[in-house]
Amino acid sequence: KSMNQKVFTNIILIILIVVLVGVAGYFVLVKKSPEVVQKTTTLPPENISVKVYFLNSRMKPINLCNEVVAAARVIPKTEKVATAAINELLKGLTSEERSAGYTNDIPAGSKLNSVTIVDGEARADFNATTESGGGSCSMAVRTAQIRETLLQFPIVKTVKLSIDGRTEDIFQP
């Protein structure tokens with residue numbers, strides 16, 4: 001063999017060795033650090049938009065006892081979207097919503113016990129705080145906020161509210 005052929009053959013061998021060492025090193029790294037692969041293949045969680053309803057006299061000044069308007073909230077995607085929407089409502093107003101003129105009649109400390117949807121009827125049960133304090137207009141607003149938040153979902157045709165399982169004499173001033 002000529003000198004040029006030997007040099008060429010040696011260069012090819014060196015390139016092959018470097019490539020093989022690189023590939024082997026990659027697999028060793030991946031085997032020792034599976035989280036590297038996991039981090040690059042995990043998709044971010046999907047979000048959905050829901051509406052929560054509040055008063056806003058700047059938008060609907062006609063009847064402040066029951067005309068509520070929607071505020072959009074972005075939440076993580078969930079199968080229990082009605083529960084998630086009511087829990088967003090119970091969180092109260094964001095600073096942006098306050099600045100935009102929204103007000104909330106649902107008392108702080110209100111909690112959702114459960115939401116079930118049966119044959120188009122959403123049944124939402126709350127703790128006693130949810131109906132505490134306030135007059136007849138405030139009670140009408142609270143129930144409108146809850147009802148409208150649930151009625152945004154096409155599967156919900158009617159809403160039935162309860163307080164700790166009671167359905168009679170609730171949300172009375």
Side-chain angles (χ1 to χ4, degrees), residues 34-173:
E35 68 276 1
V36 172
V37 173
Q38 184 66 31
K39 285 181 185 174
T40 58
T41 59
T42 301
L43 298 174
E46 292 182 51
N47 292 328
I48 59 171
S49 180
V50 295
K51 297 177 206 165
V52 290
Y53 285 79
F54 300 106
L55 283 173
N56 192 324
S57 59
R58 292 183 201 166
M59 297 171 122
K60 283 212 178 199
I62 299 161
N63 183 346
L64 292 180
C65 283
N66 62 14
E67 289 200 21
V68 292
V69 292
R73 298 273 177 95
V74 175
I75 62 171
K77 189 173 183 178
T78 177
E79 287 184 18
K80 295 187 175 195
V81 68
T83 298
I86 292 294
N87 284 328
E88 280 298 308
L89 174 66
L90 298 180
K91 286 180 184 178
L93 299 164
T94 65
S95 56
E96 294 84 8
E97 290 162 349
R98 252 187 226 92
S99 296
Y102 289 92
T103 57
N104 181 18
D105 269 41
I106 298 176
S110 296
K111 299 272 187 252
L112 176 67
N113 295 329
S114 65
V115 172
T116 56
I117 301 171
V118 178
D119 296 329
E121 181 179 68
R123 299 172 185 165
D125 186 57
F126 296 88
N127 69 351
T129 302
T130 313
E131 69 170 352
S132 65
S136 57
C137 187
S138 177
M139 294 302 166
V141 170
R142 289 177 206 187
T143 58
Q145 286 182 256
I146 295 165
R147 275 192 172 81
E148 292 304 314
T149 298
L150 289 168
L151 287 170
Q152 74 183 289
F153 305 109
I155 193 172
V156 177
K157 304 299 179 210
T158 61
V159 175
K160 186 173 187 177
L161 303 179
S162 60
I163 299 293
D164 293 324
R166 288 184 302 114
T167 57
E168 301 297 318
D169 298 324
I170 60 171
F171 292 103
Q172 299 294 319

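Quick caveat, the model's predicted, so the values are computed rather than measured. Values reported hereafter were calculated over all heavy atoms of this structure, with side chains retained and with hydrogens, waters and symmetry mates removed.
- Around the CG atom of N47, the shell of radius 6.0 Å holds more than 12 heavy atoms that belong to other residues, nucleotides or ligands.
- Looking at N127, its side chain does come within 3.5 Å of a backbone N or O of K111 through a donor-acceptor pair.
- The CD1 atom of I86 sits 4.0 Å away from the CG atom of L150 when rounded to the nearest 0.5 Å.
- Taking NZ of K77 as the reference point, atom CD1 of I75 lies at 11.5 Å (rounded to 0.5 Å).
- Checking side-chain atoms of Q152 against main-chain N and O of K51 turns up a donor-acceptor pair under 3.5 Å.
- For the residue pair S114 / D125, no side-chain donor-acceptor distance below 3.5 Å is found, with atom types taken as modelled.
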Evaluate the side-chain contact (heavy atoms from CB on, under 4.5 Å) criterion for residues T94 and R73: first the C-alpha distance (whole Å), next the side-chain angles of each, then the deciding distance (0.1 Å), finally the verdict. CA-CA 10 Å; T94 65; R73 298 273 177 95; 3.9 Å; yes
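- A donor-acceptor pair under 3.5 Å links the side-chain atoms of N56 to the main chain of A100, judged by distance alone.
- Of the residues I106, V115, I163, the one that meets the side chain to side chain contact (heavy atoms under 4.5 Å, CB included) test with F126 is I163.
- Taking every heavy atom of both residues into account, L161 and T167 meet most closely at O-CG2, 3.9 Å.
- A distance-only check finds no donor-acceptor pair linking the side chain of Q172 to the backbone of D169 [under 3.5 Å].
- From D119, atom CG reaches atom OG1 of T158 across 9.5 Å, with rounding to the nearest 0.5 Å.
- Interatomic distance, OG1 of T83 versus CD1 of I117, reported as 7.5 Å (0.5 Å rounding).
- Considering every non-hydrogen atom in both Q145 and F54, the closest pair reads NE2-CD2, 3.3 Å.
- Considering all non-hydrogen atoms of both residues, P76 and I48 come closest at O-CG1, 4.2 Å.
- In this structure, OG on S110 lies 9.0 Å from CG on L89, to the nearest 0.5 angstrom.
- Of the inter-residue distances, the one linking S162 atom OG with E131 atom CD reads 10.0 Å to the nearest 0.5 angstrom.
- The shortest heavy-atom contact between A72 and S49 is CB-OG, 4.1 Å.
- Pairing each heavy atom of Y102 with each of A70, the nearest pair is OH-O, 2.9 Å.
- The shortest heavy-atom contact between R142 and D105 is NE-O, 2.9 Å.
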